[in-house]
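All remarks here apply to the structure that follows.
Within every chain, numbering begins at 1; the chains are lettered A, B, ... in the order of the sequence lines, protein sequences first and strands thereafter.
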There are 2 protein chains.
Amino acid sequence: MSQSSKPPQPAPVPTSADVARLAGVSRATVSYVLNNAEAVRISEPTRRKVRRAAEELGYVPHAAARSLRAGHTRIVLLPTSHVPIGPLYSAFLNELQWSLRRLDYTVVQYGSLGLSGDEAARAWAELRPVAVISLGEITLSAHNVATLKRAGARAVITMGPVGVAGAHALVMDQSEVGARAAAHLVDLGHRRIGVVVPQEEGLELFSTPRLEGARSVAGAEIDALPMAYSEESAAALAARWRSLGLDAVFAYNDEYAMLLMRALMDEGLRVPEDVAVVGADDLLIGRLLRPRLSTVQIELPTGDHLAELVDRAVREPGEITQRQDLISAVAVRREST
Amino acid sequence: MSQSSKPPQPAPVPTSADVARLAGVSRATVSYVLNNAEAVRISEPTRRKVRRAAEELGYVPHAAARSLRAGHTRIVLLPTSHVPIGPLYSAFLNELQWSLRRLDYTVVQYGSLGLSGDEAARAWAELRPVAVISLGEITLSAHNVATLKRAGARAVITMGPVGVAGAHALVMDQSEVGARAAAHLVDLGHRRIGVVVPQEEGLELFSTPRLEGARSVAGAEIDALPMAYSEESAAALAARWRSLGLDAVFAYNDEYAMLLMRALMDEGLRVPEDVAVVGADDLLIGRLLRPRLSTVQIELPTGDHLAELVDRAVREPGEITQRQDLISAVAVRREST
DNA sequence: TTGAAAGCGATACCAA
DNA sequence: TTGGTATCGCTTTCAA
């Protein structure tokens, strides 16, 4: 009202000083009231004045200023995957976020698309996160971990297949998945087993250990079978199937398994008589196909569990560089094996 | 070496002052060198000294301090969905992130799990993002938009089904999807059409407009069919199917469609003779079933496109409150209709 | 070509 | 019970 000329000049963001001015108190008082400081007694009328002023101005504290002053943040950095990770991991991630928020952390998913490990680590470090939970998209080197720690990270947790020096190596070992699948097939009498390796980028951190896990099982010969997630690729693989001399296949996960199984059947092969097919992840969709898809059911840690581990690591930053296997896998036989 | 007693006291994070000290220059010079300031000429030897010192200390600038000083951030906030959004939207999101990063924005996905619109808006505002792209998980009120704008957001973009006052209402109208599906079924002679409405929370912003879209098509009677994403729920719906008197169903998306189609077939109904089924999203898996699933193929805007829209809005914060339809949908007939 | 110093916004210590 | 003020790390203007 008082200012008639108001060009699209963005109105200045209200600060705590503005609140103080409006309430007729000092900035210190504003801070005390808004943060419910217990060490200081503020009269009820003053509290109300301050709150009303804050409300009226639509005051929102400036996170950067606050953490600058505090010397630390409550940010937990969650590097975002750029590959579709499937419903299983999505659900886990959501649970994790929720649990972390309950513990009063600010979860920031940071997409690291197209960044190298070094670039990513630097970019993350700029935010001064108190913890980083790297789920494997980017392989952190010991040097990267050091960068993060030097920037104040009290916990760096990797979930990739391998431990990293200096990190709280929380191993979710995907090789177990491959091992269960192969063992399942071997139990059923199969000896020549193909293992699908997705050609899509970014899945190596899952596919490599799954393949290695299968290889670790005694009693079978393992062949790696590169395949892309497309009908063409599956058809091409199916077309040369008879020449491969395989009697079973672990198809990386349920999605690749469904694709390949369809291609094999279209090629005139019988499942499971001519070739047994097993996937992984126990997707609901796998039960809709005929034959129903056998799978490896994967049990991830609960988000709560991991969140508490993080919280503990943050509070007691003793070098708890321990290997922990938080994943479990079990084969489920349906009709395709 | 010089300090023998080193308790687990976290080493202090190196600052630009430390770099300056080590390089034997002032903090100003450090800043100039590290930011490649063009307005100032710094001698090559000095540059090298500074860079070496920064390298040696593993110096990483403090994002909070920087943006505090600058008075603004380059953060684009992307509220994270807590529902599995499927490969289609995942791919779109990734592309968007990538494009924004190319434009030098810091993309921060902020999980808003369990927050109300007000709480979420406040939490986001604390980060002082320069732009917010809300994809619909949380319905932003005009008040929320105002909060964000007051906190310095120069662009607030909503992708929900409805425009929001004050926001750059970028409408990705899901009703088009429902309309296409219904029209497809009507074209094929169906008159009594069921529309599946997922019971899962968080999908309303997609499912409601899809239902409304179907209702908008002339020539058919539309029934809403609540259903959860589980075999039990699908079976229950299928069990009472004959009593519903429907001759076709638009099953929200391909996943629900596959589930329901299987249940219907298990119930002895023929697809498409007794009941036509159409999904949406054109998932690869839908082509693997028999009959192959008809679907509505959805064309999302490219990430590049949206990123540039955001960038323009940020640079010219004129109130471009315009409705834009960036989504297109087309029915694809396979075998289930 | 380089340095000294102000100031961004919030907090917490020390006085009053 | 409340206020003044130093401080966090960084950028940038003004002087030297």
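Take the nearest nucleotide of DNA chain D for A:G24 and for B:A64: the residue whose nucleotide is more 5' is A:G24. In this structure, A:A70 and B:T29 both approach DNA chain D, and ranking their closest nucleotides by distance from the 5' end singles out A:A70. A residue-by-residue look at B:A65 and B:S43 shows that B:S43 has its nearest nucleotide of DNA chain C further toward the 5' end.
Counting non-hydrogen atoms under 4.0 angstrom, B:S31 reaches a base of the nucleic acid. In this structure, A:V40 reaches the bases: a heavy-atom distance under 4.0 Å links it to at least one base atom across the strands shown. Residue A:T46 is in sugar-phosphate contact alone, with no base atom involved, counting any heavy-atom pair closer than 4.0 Å across all strands shown.
Spacing between atom CG of A:N36 and atom P of C:dA12 amounts to 13 Å, rounded to whole angstrom units. For A:R69 and C:dT11, the CZ to C1' distance is 5 Å, given to the nearest whole Å. The nearest whole Å value for the distance from the CG atom in A:D18 to the P atom in C:dC8 is 11 Å. The distance between atom CZ of B:R47 and atom P of C:dT1, rounded to the nearest whole Å, is 10 Å. Following rounding to the nearest Å, B:K49 (NZ) and C:dT1 (P) show an atom-to-atom distance of 14 Å. Note: CG (A:N35) to P (C:dT11) measures 5 Å, nearest angstrom. The nearest whole Å value for the distance from the CZ atom in B:R27 to the P atom in C:dA5 is 11 Å. Atom pair A:L34:CG and C:dA10:C1' shows a separation of 11 Å (rounding to whole Å applied).
For CD of A:E44, the number of neighbouring non-hydrogen atoms (other residues, nucleotides, ligands) closer than 6.0 Å is greater than 12.
Atom-to-atom distance recorded for B:H62:NE2 and A:T73:OG1 is 8.0 Å, nearest 0.5 angstrom. The line from CG of A:L100 to CZ of A:R74 is 9.5 Å long, rounded to the nearest 0.5 Å. Considering CD1 of B:I133 and CD of B:Q97, their distance stands at 9.5 Å, rounded to 0.5 Å.
Of the candidate nucleotides C:dG3, C:dA10, C:dA12, C:dG3 has the atom lying nearest to any side-chain atom of B:S26. With distances taken from any side-chain atom of B:R41 to the nucleotides C:dA4, C:dA10, C:dT1, the minimum falls on C:dT1.
The one candidate from B:L127, B:I75, B:T80 that meets the side-chain contact (heavy atoms from CB on, under 4.5 Å) condition with B:Y110 is B:L127.
At least one side-chain heavy atom of B:S26 sits less than 4.5 Å from a side-chain heavy atom of B:T29.
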Would B:S141 and B:N144 count as a side chain to side chain donor-acceptor pair (under 3.5 Å) here? Give the steps. CA-CA 5 Å; B:S141 68; B:N144 294 334; 3.1 Å; yes
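With a heavy-atom cut-off of 4.0 Å to chain A, the contacted part of DNA chain D has its first and last nucleotide at D:dT1 to D:dG9.
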